[in-house]
Amino acid sequence: VLPIVLVVLPDDEDSSDDDAFIPVGDNLEGGVGARANFGSVVALSQNGDRIAVASTSLIQVYYMLPNGSSNWEQLGEGIQITNATTRTATKELNLQNGFAVAINAAGDHVAVGDSLMGHVKVYRFVSPQWKPVGDTLPGSGIESDRFGAAVSINADGDVVAVGSPGFANLTGKVEVYELIPAGTWAPRGGAISGVNSTGLSVSLSAKGDRVAVADRSNPGTSDNPVVRVYGFNRFNDLIWTEMGDGVNVGRPSTTTGWYVDLSASGDRMVVSNSYVNEEDFMNTETNSLTVQAFRFTEDKWEKVGENIH
């Protein structure tokens with residue numbers, strides 16, 4: 001059975017059911033070898049007309065043909081992930097295939113974080129192929145840091161946030177880079193210090209001047225996972241300053257299957273948090289996946305609406 005990716009969107013034409021979703025185009029199907037684990041990581045452009053799909057050692061970007069076509073076509077050749085012959089999810093941090101993918105608003109820039117190799121590369125589509133943008137971001141070179149386990153790219157594709165959740169014995173950290181006129185990547189401010197696997201999930205605003213950073217809880221402890229948002233002020237010592245207090249996103253999780261997504265303006269975010277009791281993982285009453293929304297107002301983060309289960 002081949003893995004597939006299905007894209008859906010709200011059905012604006014179906015007035016009888018406002019909650020209906022319909023497929024967008026045909027299914028995207030994976031394969032074997034480099035195309036195994038197709039769909040293990042996906043990223044969607046702002047308009048939803050381009051999608052990046054990860055396989056075991058290949059990133060492919062597809063675009064929707066215009067004029068109401070139902071077909072997804074591959075955009076250029078696939079981006080090969082080097083030295084990816086022995087990829088498995090790392091038990092320590094539950095990283096699928098060891099890499100992360102992010103796509104910018106227009107869908108013409110892709111950031112690929114390879115936490116097993118400890119580097120991040122950014123590509124830009126220059127027809128008919130994807131070409132590297134600037135140098136490879138190398139991280140520390142220490143495999144256990146998991147540099148590149150999470151990546152985010154801003155709307156223009158010239159700012160990248162990178163998580164290293166394994167840094168300093170799972171303390172973690174997040175670093176942000178910007179493309180300078182010389183065509184190389186330079187740090188945007190200092191690193192954001194970690195607390196507990198900080199950088200397992202990161203998300204940039206459209207301008208790249210705000211970043212949401214996720215910590216995870218300690219399995220078997222009373223610690224709660226926390227999301228923090230930082231703002232960058234180029235005229236204030238080039239540092240990242242926390243916006244309000246960290247957001248406590250619920251009870252401790254024994255898994256790391258939760259993520260953060262920041263809005264374009266950087267004043268709203270959604271957070272998913274999964275709780276799994278490993279001794280009774282089939283019990284739907286004690287195991288749950290919760291999605292919460294927050295907005296930043298009057299220097300603090302406020303919850304928006306009820307939890308989504």
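Bear in mind the structure is a predicted one, so any value in this text is a computation, not a measurement.
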> Given K173 and S164, is the side-chain contact (heavy atoms from CB on, under 4.5 Å) satisfied, shown in steps?
Replying inline: CA-CA 5 Å; K173 68 176 179 178; S164 301; 4.1 Å; yes
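- Of the charged side-chain nitrogens involved, none lies within less than 4.0 Å of a carboxylate oxygen, so that E306 and K303 do not count as a salt-bridged pair.
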> Going through the distances and angles, do L75 and W130 end up as a side-chain contact (heavy atoms from CB on, under 4.5 Å)?
Replying inline: CA-CA 9 Å; L75 188 66; W130 291 91; 3.7 Å; yes
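- Atom CD of E302 sits in a crowded spot, with more than 12 heavy atoms from other residues, nucleotides or ligands closer than 6.0 Å.
- Each of V260, V226, T198, L200 was evaluated against V213; a single residue qualifies, T198, per the side chain to side chain contact (heavy atoms under 4.5 Å, CB included) test.
- Few gaps surround CG on N307; more than 12 heavy atoms of other groups in view lie less than 6.0 Å from it.
- Aromatic ring centres of W301 and F294 lie farther apart than the 6.0 Å criterion allows.
- Looking at R228, its side chain never comes within 3.5 Å of a backbone N or O of V211 through a donor-acceptor pair.
- The aromatic rings of W240 and F232 sit tilted, their planes meeting at an angle between 30° and 60°.
- Nearest heavy-atom pair across S115 and G148 is CB-C, 4.0 Å.
- In this structure, E242 CD and I239 CD1 are separated by 12.0 Å, a value rounded to the nearest 0.5 Å.
- Under a 3.5 Å cut-off, the side chain of S55 and the backbone N or O of N37 do not form any donor-acceptor pair.
- Rounding to the nearest 0.5 Å gives a distance of 11.5 Å between CZ of F38 and OG1 of T56.
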>> As a quick check of understanding, evaluate side-chain contact (heavy atoms from CB on, under 4.5 Å) for W185 and V122, giving each step before the final call.
In response: CA-CA 10 Å; W185 294 99; V122 179; 3.6 Å; yes
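- Checked by atom type and distance alone, the side chain of N154 pairs as donor or acceptor with a backbone atom of V159 at under 3.5 Å.
- Between the CD1 atom of I103 and the OG atom of S45 there is a distance of 5.5 Å, given to the nearest 0.5 Å.
- The nearest pair of heavy atoms linking A54 to I59 is CB-CD1, 3.6 Å.
- Annotation for L44 and R50: closest pair CD1-O, 3.5 Å, computed over non-hydrogen atoms.
- With hydrogens and angles disregarded, no donor-acceptor distance shorter than 3.5 Å links the side chain of N47 to the backbone of D49.
- Judged by distance alone, the side chains of Q74 and Q60 do bring a donor and an acceptor atom under 3.5 Å apart.
- Linking ILVMFWY side-chain heavy atoms closer than 4.5 Å, directly or via other members, places I81 and V61 in a single hydrophobic cluster.
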